[in-house]
Asks: 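Take a look at this one; I'll ask things after.
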Amino acid sequence: MNKTGDGQIHAMRHSLAHIMASAVAKLWPKARFGVGPVVENGFYYDIDVPGVAISEEDFPKIEAEMRKIISEKQSFVHSVKPIDEALGWAKASRQPYKEELLNDLMRAGTTLASDLNSDELGTITSGEAKASEASFYTNGDFTDLCRGPHAKTTGDVGEFKLMRVAGAYWRGKDTNPQMQRLYGVAFETKKELAEHLLMLEEAKKRDHRTLGRDLDLFTFSELVGQGLPLWTPRGTTLRTELDRFVQEMRDEVGFMAVTVPHITKKDLYEKSGHWSKFSDELFKIKTREGHEFAMKPMNCPHHTQIYDSKQRSYRDLPIRYRETTMVYRDEQTGELGGLSRVRAITQDDAHVFCRYSQVETEVLTLWGIVEKFYSGVGMPLRMRLSLHDPAKRADYMGTDKQWKDVEATLRKIVQDKIGNDFEEAPGDAAFYGPKLDFMGKDALGREHQVATIQFDFNQPEGFDLTCIDENGAQERIAMVHCAVMGSIERFLAIYIEHTGGRFPVWAAPEQIRIVTPNQDEKVVELAQKIAEEAREKYGLRVELDTSNESVGKKIRESEMQKVPYLVVVGAKELESGLVMPRVRADMRVKEGNVEPIKVDNFLHTVANEAKSRVSKSSI
RNA sequence: GCCGACUUAGCUCAGCUGGUUAGAGCGUCAGUUUUGUAAACUGAAUGUCCGGGGUUCGAAUCCCCGAGUCGGCUCCA
């Protein structure tokens with residue numbers, strides 16, 4: 001089964017797109033139709049009603065009309081018209097978008113924007129006809145250009161719900177007029193539809209923007225601006241712990257931390273090519289003396305200058321720099337949202353400067369770190385080899401031969417490691433070289449691009465980076481870039497939703513909460529002593545709640561804050577010196593209540609869990 | 001950037017077609033209570049109704065401009 005469903009549900013969804021279009025045609029006779037394909041879980045139709053903005057308030061009306069059509073059980077009648085007759089139909093029924101599609105069908109043999117060069121879309125006017133006829137489907141008095149297949153009648157389409165209306169450029173080109181895209185979801189049964197809607201509710205509960213506020217991780221300020229998240233103490237702890245995981249693994253294999261300023265003179269990016277190529281996304285600064293600077297949109301050009309600060313021997317290589325630091329990109333306002341897309345991006349960046357002969361080992365080492373990290377956070381990975389697009393040579397630096405060579409090198413490294421179990425994506429390379437991109441799958445089954453390892457043969461050229469080889473000659477070096485989390489902001493958006501805010505002990509901003517059942521002086525004293533010991537002796541993050549509230553309330557608070565361990569310290573504990581930790585549900589491995597345990601043993605165990613970065617409790 | 005929707009207390013939201021001192025629950029604060037594994041009781045405070053301009057006798061409500069948020073599109077080194 002593919003993403004848009006198997007045969008039957010696919011036909012149902014596609015039929016619903018037609019039914020929705022016929023309902024809209026009935027309500028707004030002037031409506032012009034674009035395309036109406038099946039998508040994951042449903043369908044959409046691109047519609048343009050001159051002078052009218054269809055809104056979600058119109059949905060009840062449209063849905064009612066659709067249900068009427070469904071109850072009429074109209075047959076879907078397939079017909080084939082000669083192409084000129086089809087064009088006549090489009091003209092007569094005032095459907096300019098269909099006319100354009102038919103024209104493309106005739107000239108190019110396809111209507112799919114993805115199969116056509118984007119410059120050709122709708123503009124091919126000459127050449128031999130590649131299609132002589134067009135296929136149509138009719139239900140009731142609504143006829144649509146369509147390849148099918150469809151359900152038998154409008155009565156056989158399962159259960160649906162219109163979801164939202166959104167703007168969409170005609171054929172995906174931002175120079176084209178915008179149409180209104182009406183989205184619906186559809187399933188064979190009422191139950192499946194209800195389950196889907198419930199799943200959406202669940203996903204909403206896990207939304208990192210909501211959890212970010214509820215768990216007090218980050219915030220935004222209108223005064224600071226869009227796309228500029230502000231991290232609270234708790235959120236900063238979470239970031240720091242995740243980054244520490246990555247950096248410890250890097251340091252083990254010889255990376256060294258470096259630090260660079262967040263701005264640079266224009267000159268650096270003129271040399272690297274960023275100034276002209278990414279000019280739109282650069283935050284530019286003019287000094288009072290009129291000199292031009294820019295906020296860094298990436299770190300590699302700065303790092304090259306550290307490498308280039310002295311003459312390097314082949315004996316010194318590989319030289320491995322790491323730096324977790326923010327870069328700044330002037331993203332379009334419409335793209336910003338939560339932490340997924342921001343303007344101040346923290347990258348866990350790393351650059352290896354090495355000989356070409358060392359690239360393979362370096363890539364494999366970095367790959368190992370990526371694997372270890374994602375297995376640590378519980379996300380399965382899929383790898384994609386991102387290559388350049390030979391049709392768009394102008395987008396890439398370097399020569400054809402260089403690209404061919406480095407892509408072959410990278411492909412060989414991949415094949416030697418994992419065989420052919422990977423996808424190749426022409427057009428997804430960086431402008432300076434091909435890369436390995438990693439997709440992580442979250443707990444809700446969604447895939448996100450996360451880590452990246454890049455083979456850069458262009459910046460060493462641009463910045464003339466060399467080492468002295470065994471014979472005393474200058475040798476051009478290569479660079480390998482790697483970000484494990486990619487952007488910490490985007491990774492946290494994913495990770496918060498992946499865990500639902502239930503972070504493992506090692507990453508949790510608060511690891512243990514100690515509550516007292518009352519405010520008895522001796523009890524409070526003991527609780528304070530335990531908290532202090534946990535912090536000072538074991539380096540744990542502990543909060544103490546001795547407020548004047550019921551134990552039940554305090555436990556509820558702790559649960560809602562998703563604190564891994566809760567310990568009630570009262571008269572019993574005062575007497576026995578034992579505690580009975582409450583383990584967060586997702587971390588429990590044993591059924592039932594935990595056994596009383598000595599305070600020291602408990603703290604020791606938790607500290608070990610934090611250190612070994614396990615996600616389950618050993619208590 | 002483009003299309004559309006939304007913006008009322010810290011949070012979630014109510015406030016019909018313009019009509020006195022703008023509400024609820026949760027949270028907060030205070031007092032009472034001194035509590036044993038998911039919400040004690042009582043009371044109180046809290047608003048630039050996103051900002052600015054306009055229409056009107058009168059605007060949270062209508063119109064315009066701007067900001068922000070959300071859903072998409074385009075983009076994403």
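Below, chain A is the first sequence line, B the second, and so on; all start at residue 1.
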Asks: Identify, with sequence neighbours excluded, every residue that meets salt bridge (Lys or Arg N to Asp or Glu O under 4.0 Å) alongside A/E543.
Replies: none
Asks: Considering only the C1' atoms, how many Å lie between B/U56 and B/G18, rounded to the nearest integer?
Replies: 9 Å
Asks: Aromatic ring centroids of A/F463 and A/Y307 under 6.0 Å?
Replies: no
Asks: Taking B/U34 as the reference, what is the distance to B/G23 when you measure between their C1' atoms (whole Å, please)?
Replies: 35 Å
Asks: Quantified in whole Å, what is the P atom distance between nucleotide B/U69 and nucleotide B/U12?
Replies: 15 Å
Asks: Can you build the contact string for nucleotides 63-77 of chain B? Use B for base contact, S for sugar-phosphate-only contact, and - for no protein heavy atom under 4.0 Å.
Replies: ----SSSSBBBBBBB
Asks: Using the ring of each side chain (for Trp, its six-membered ring), is A/F43 parallel, tilted or perpendicular to A/F160, with breaks at 30° and 60°?
Replies: tilted
Asks: Could you give the distance separating B/G52 and B/U33 at their P atoms, to the nearest angstrom?
Replies: 48 Å
Asks: Under 3.5 Å, is there a donor-acceptor pair between the A/K562 and A/T499 side chains?
Replies: no
Asks: Within the 3.5 Å criterion, strictly below it, is a donor on A/E461 or A/Y432 matched to an acceptor on the partner's side chain?
Replies: no
Asks: Below 4.0 angstrom, N of the basic side chain to O of the carboxylate: do A/R171 and A/E100 qualify?
Replies: yes
Asks: When Watson-Crick pairs (N1 to N3 and N6-O4 or O6-N4) and G-U wobble pairs (N1-O2 and O6-N3) count only below 3.5 Å on both distances, what is the dot-bracket string of RNA chain B, with | for other-strand pairs?
Replies: (((((((..((((.....[...)))).(((((.......))))).....(((((..]....))))))))))))....
Asks: Does the gap between the ring centers of A/H262 and A/F293 come in under 6.0 Å?
Replies: no
Asks: Please report the distance separating the P of B/G25 from the corresponding atom of B/A14, rounded so that it comes out in whole Å.
Replies: 16 Å
Asks: Donor-acceptor pair, A/E573 side chain versus A/G570 backbone, under 3.5 Å?
Replies: yes
Asks: What one-letter contact string describes nucleotides 36-42 of chain B from 5' to 3', where B marks a base within less than 4.0 Å of any protein heavy atom, S marks contact via sugar-phosphate atoms alone, and - marks no contact?
Replies: BBBBB--
Asks: Are more than 12 heavy atoms, taken from residues, nucleotides or ligands other than A/K616, located less than 6.0 Å from that residue's NZ atom?
Replies: yes
Asks: Does any donor atom in the side chain of A/K284 or A/S279 lie under 3.5 Å from an acceptor atom in the other side chain?
Replies: yes
Asks: Mark up nucleotides 5-17 of chain B, 5' to 3', with B wherever a protein heavy atom is under 4.0 angstrom from a base atom, S wherever such an atom reaches only the sugar-phosphate, and - elsewhere.
Replies: ------SS-----
Asks: Measure the acute angle between the ring planes of A/F278 and A/H274, then classify it against the limits of 30° and 60° as parallel, tilted or perpendicular.
Replies: tilted
Asks: For atom P, what is the distance between B/U7 and B/C49, given to the nearest Å?
Replies: 15 Å
Asks: List for me each residue that meets salt bridge (Lys or Arg N to Asp or Glu O under 4.0 Å) alongside A/D520, sequence neighbours excluded, and say none if there are none.
Replies: none
Asks: For nucleotides B/C41 and B/G4, find the distance between their P atoms and express it as a whole number of Å.
Replies: 49 Å
Asks: Are any of the side-chain nitrogens in A/E202 or A/K205 under 4.0 Å away from the carboxylate oxygens of its partner?
Replies: yes
Asks: With rounding to the closest Å, how many angstrom separate the P atoms on B/A5 and B/C65?
Replies: 13 Å
